[in-house]
Novice: 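Sharing a structure with you now.
By convention in this document, chain letters (A, B, ...) are assigned in the order of the sequence lines, proteins followed by strands, and residues within each chain are numbered from 1. Values in this document were obtained by computation on a predicted structure and should not be read as measured data.
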Amino acid sequence: GAVVSQHPSWVICKSGTSVKIECRSLDFQATTMFWYRQFPKQSLMLMATSNEGSKATYEQGVEKDKFLINHASLTLSTLTVTSAHPEDSSFYICSAMGTGATGELFFGEGSRLTVL
Amino acid sequence: AQSVTQLDSQVPVFEEAPVELRCNYSSSVSVYLFWYVQYPNQGLQLLLKYLSGSTLVKGINGFEAEFNKSQTSFHLRKPSVHISDTAEYFCATSGGSYIPTFGRGTSLIVHP
């Protein structure tokens, strides 16, 4: 099956700094990737849809200047949390849409961000 | 518009007992249905999917689900659970837009 790798798995940073999370599709080309945020004991909250070569589409209420998404190639999308604050601490998960246009997603391992 | 309802937020069960996790969907177009499992501090992985054809779908780890169009349901079942099945389970659907919609998740807790 298709593999999506997300890095780093865990990151701790100081308030005010920026953190970049990478999401790579290892064995297929992903024209569309999704970034989710997950709070404890809750479902996935879609943050944005990332399309290769174009600007990301952000969901309502998600600050595009705080959560910068870049999808520079067919195998890599990045999420940068700029000027992070403790309230940005969360579990961030990326996913890539498989071929076949059925909506099946392949997920990264997730990244736990803790902002001190 | 499409939506997914997972009626149970938590399902406790004893080891080796059968379990059913419920999922109902609504969609104005043809649907594709998925069940994903999430273990602690990990991403999600696909358990099974319904795209077309047989309404009984078998997945990994002994799970299966049945697509019921008249009841708009896609319940997940396993005849005998293990401790290792303790995890969060998400039902999802995608329709014409192919962007999936997730349910809120059901926490399966297997007790020894």
Side-chain angles (χ1 to χ4, degrees), chain A residues 1-11 21-26 30-51 56-59 79 89-114, chain B residues 2-11 21 23 25 27 29-53 57 59-61 65 67 74 86-109:
Chain A
V3 178
V4 175
S5 177
Q6 190 174 339
H7 178 81
S9 301
W10 301 82
V11 57
I21 301 170
E22 293 187 347
C23 181
R24 294 181 184 273
S25 58
L26 298 184
T31 55
T32 303
M33 289 186 172
F34 301 98
W35 286 95
Y36 294 88
R37 183 173 180 176
Q38 187 177 33
F39 295 99
K41 304 293 185 183
Q42 294 189 30
S43 187
L44 305 171
M45 183 192 81
L46 180 63
M47 298 175 67
T49 301
S50 169
N51 291 295
T57 302
Y58 290 81
E59 295 299 302
L79 167 67
S89 298
S90 193
F91 193 57
Y92 294 89
I93 309 174
C94 74
S95 67
M97 185 170 282
T99 58
T102 62
E104 179 178 352
L105 297 180
F106 299 94
F107 286 85
E109 303 92 332
S111 299
R112 173 75 60 191
L113 170 63
T114 301
Chain B
Q2 56 199 36
S3 66
V4 175
T5 302
Q6 291 183 246
L7 296 166
D8 306 301
S9 60
Q10 202 172 84
V11 173
L21 305 183
C23 172
Y25 69 91
S27 176
V29 296
S30 298
V31 297
Y32 302 119
L33 292 157
F34 309 88
W35 275 99
Y36 293 90
V37 60
Q38 183 182 31
Y39 299 103
N41 293 309
Q42 294 185 31
L44 281 69
Q45 65 182 84
L46 182 70
L47 269 180
L48 48 79
K49 60 186 175 185
Y50 171 79
L51 303 180
S52 65
V57 180
I60 62 171
N61 300 342
F67 170 61
F74 191 56
T86 296
E88 195 77 17
Y89 292 80
F90 292 95
C91 181
T93 186
S94 67
S97 70
Y98 305 120
I99 297 176
T101 300
F102 285 84
R104 65 173 181 172
T106 297
S107 180
L108 175 62
I109 302 170

Novice: What's the separation between atom CH2 in A/Trp10 and atom CG in B/Asn41, rounded to the nearest 0.5 Å?
Specialist: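 Going from CH2 on A/Trp10 over to CG on B/Asn41, the span is 4.0 Å.
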Novice: Between atom CD of A/Glu104 and atom NZ of B/Lys49, what is the distance when rounded to the nearest 0.5 Å?
Specialist: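 Here the rounded value is 3.5 Å.
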Novice: By a 4.5 Å heavy-atom criterion (distance strictly below it), what part of B/Gln38 contacts chain A: side chain, backbone, both, or neither?
Specialist: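 Side chain only.
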Novice: Counting only non-hydrogen atoms closer than 4.5 Å, does A/Gln38 touch chain B with its backbone (N, CA, C, O), its side chain (CB onward), both, or neither?
Specialist: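 Contact with chain B involves the side chain of A/Gln38 alone.
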Novice: For B/Leu44, is it the side chain, the backbone, both or neither that has a heavy atom under 4.5 Å from a heavy atom of chain A?
Specialist: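 For B/Leu44, the contact with chain A is made by backbone and side chain together.
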Novice: Given 3.5 Å as the limit, does a donor-acceptor pair link the side chain of A/Ser43 with the main chain of B/Gly103, or not?
Specialist: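 Side chain of A/Ser43 to backbone of B/Gly103, a donor-acceptor pair under 3.5 Å: yes, one is there.
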Novice: If we ignore hydrogens and angles and just use 3.5 Å, is the side chain of B/Tyr36 paired with the main-chain N or O of A/Phe107 as donor and acceptor?
Specialist: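 No, B/Tyr36 side chain to A/Phe107 backbone: no donor-acceptor pair under 3.5 Å.
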Novice: Just how far is it from atom CD of B/Gln42 to atom CD1 of A/Ile93, taken to the nearest 0.5 Å?
Specialist: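 The distance works out to 10.5 Å.
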Novice: How long is the straight-line distance from CD of B/Glu88 back to CG of A/Leu44, given to the nearest 0.5 Å?
Specialist: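 Separation between the atoms: 9.5 Å.
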Novice: Could you give the distance from OH (A/Tyr36) to CZ (B/Phe102), rounded to the nearest 0.5 Å?
Specialist: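 Reported value, rounded in 0.5 Å steps: 4.5 Å.
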Novice: Hey, what do you get for OG (B/Ser94) to CE (A/Met97), rounding to the nearest 0.5 Å?
Specialist: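 Reported to 0.5 Å precision, the distance equals 7.0 Å.
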